[in-house]
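In this text, all values refer to a predicted model and were calculated from it rather than measured experimentally. Atoms within a ligand are numbered from 1 in the order they appear, just like the ligands themselves.
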Amino acid sequence: MKPILETKNLCVSYGNTKILEDINISVNRGEILAIVGESGCGKSTLLKSLIRLMPSNAKIEKGEINYQNRDLLKLSNEELRQIRGKEISMVFQNSGASLCPIRTIEKQFIEALQSHEDLSKEEIRKLIEDIFSKINLKDVDRILKSYPFELSGGMNQRVGIALAMLSKPSLILADEPTSALDVTAQAQVVKTLMKLRDSFKTSIIIITHNMGVVSFMVDKVAVMYGGKIVEYGRKKDIMHNPLHPYTQMLIKSTPSMKPSKLLGIPGNPPSFEEKRIGCAFASRCNKAFEKCFIEEPLPSNCKSSIVSCHLYKEVIAEEIIV
Ligand code: SF4
């Protein structure tokens, strides 16, 4: 199956500082890919780079972003505008904050729809009701007449997702959509996103710190560290048999309902400004050996994952992840 979106060796810098290096990810139709890692490892920069929503000092140094047979890096701003919001939508961490506080939800839906299509009031209402019912948002009238501050955080987030779905995009980019919510609202948002995938075959790339969300909803995982992907594979492999020491420590740092000692990862992620020699994780890695401090590990196919670690230099892959 041809991926709906695929990056090839994507490199991004802010000024003279390299932020992302050689990012290779892909997502198929109806698939959910999670990008995980600590804060400051480049996850949000990656997500925004995919639709070139970057600050003015950001530059894509090299690589490709292929979306439905088009390289997004070669499109004009106008061509890109046609894709953003219509074919590729974003859901932010706090959709309540990205909604306009002085306009009702209904006005914001109408504006979003009319920016791409010329629709009558009846057609707009039907589209809204259709999306709301697909994601189990009841009480349409009350929600549409509300201002964002009159709705709960979880409800605002689900409204943000409904807004992102209006044009039935083929891909949703979700930047930590559950992290500002309580546990009950998190579950509702996760179920909403999964329902979208099931109803519309929407592909989703989601950034999350929550390994419970990864376990529950995704198909593939990209683990990021220091602006690179250090492990990439199917969810079941990454969660049940993580290979990279960082992934192992990340999973062990996840709180569990069972009584167990919560292990953290000592130290801090590397700064992007710092000159790196060897493996970026070496100073924090409990398996580091001499070579790790001298030579940077390159990605290798290992079992069914791709891992950047000197412990896995043998290429023993039988399956290639697409
Ligand atoms: Fe640890 Fe060495 Fe592997 Fe880096 S290359 S993750 S330091 S074992």
Side-chain angles (χ1 to χ4, degrees), residues 7-13 17-26 33-46 61 63 207-211 214-215 218 220-256 260-321:
T7 68
K8 287 189 183 162
N9 302 322
L10 183 68
C11 298
V12 176
S13 45
T17 308
K18 284 184 189 169
I19 304 293
L20 302 180
E21 285 184 63
D22 290 320
I23 300 292
N24 294 296
I25 54 170
S26 70
L33 165 71
I35 301 173
V36 302
E38 290 162 287
S39 297
C41 65
K43 304 186 299 295
S44 291
T45 299
L46 170 56
E61 299 286 351
I207 290 180
T208 181
H209 290 275
N210 187 330
M211 296 311 259
V214 174
S215 261
V218 316
K220 283 194 320 206
V221 185
V223 182
M224 283 193 78
Y225 190 79
K228 295 184 178 184
I229 291 175
V230 294
E231 186 161 1
Y232 181 63
R234 294 191 184 96
K235 187 245 326 251
K236 68 177 170 53
D237 298 319
I238 302 273
M239 294 305 287
H240 299 300
N241 186 23
L243 298 174
H244 197 285
Y246 179 61
T247 316
Q248 293 167 355
M249 292 169 90
L250 207 56
I251 292 172
K252 282 188 188 147
S253 309
T254 306
S256 149
S260 61
K261 196 173 167 211
L262 187 60
L263 299 170
I265 306 178
N268 295 306
S271 132
F272 288 106
E273 277 84 23
E274 192 174 286
K275 190 170 162 36
R276 289 186 210 162
I277 299 166
C279 173
F281 189 53
S283 62
R284 306 172 77 193
C285 179
N286 54 9
K287 295 183 178 153
F289 54 105
E290 201 180 341
K291 186 177 180 185
C292 305
F293 295 91
I294 314 167
E295 199 180 302
E296 186 180 351
L298 297 174
S300 312
N301 290 324
C302 187
K303 298 189 180 163
S304 52
S305 299
I306 298 172
V307 194
S308 298
C309 172
H310 289 310
L311 296 173
Y312 306 99
K313 64 180 168 39
E314 298 293 324
V315 177
I316 51 174
E318 279 126 32
E319 311 162 61
I320 301 290
I321 296 161

For atom 4 (Fe) of ligand 1, closest protein heavy-atom neighbour: Cys279 SG, 2.4 Å

Atoms in ligand 1 with a heavy atom of His244 nearer than 4.0 Å: 6 (S)

Pair Glu273 + Lys18: basic N to acidic O under 4.0 Å: no

Residues Ser304 and Asp237: side-chain donor-acceptor under 3.5 angstrom: yes

Contacting atoms of ligand 1, where contact means under 4.0 angstrom from a heavy atom of Cys285: 1 (Fe), 6 (S), 7 (S), 8 (S)

Sole residue of Thr247, Thr208, Val214 in side-chain contact (heavy atoms from CB on, under 4.5 Å) with Val221: Val214

Per-residue contact class, Cys309 against ligand 1 - non-hydrogen pairs under 4.0 Å: both

Per-atom contacts, ligand 1 versus Pro245 - under 4.0 Å to a heavy atom: 1 (Fe), 6 (S)

Residue and atom name of the nearest protein heavy atom (relative to atom 5 (S) of ligand 1), distance in Å to one decimal: His310 N, 3.3 Å

Backbone or side-chain N/O/S of Cys292 under 2.8 Å of atom 2 (Fe) of ligand 1: yes

Glu231-Tyr312 side chain donor-acceptor pair, cut-off 3.5 Å: no

Inter-residue atom distance Leu20.CG - Cys11.SG, 0.5 Å rounding: 8.0 Å

Glu38 vs Lys43, salt bridge (Lys or Arg N to Asp or Glu O under 4.0 Å): CA-CA, chis, key distance, verdict: CA-CA 9 Å; Glu38 290 162 287; Lys43 304 186 299 295; over 6 Å; no

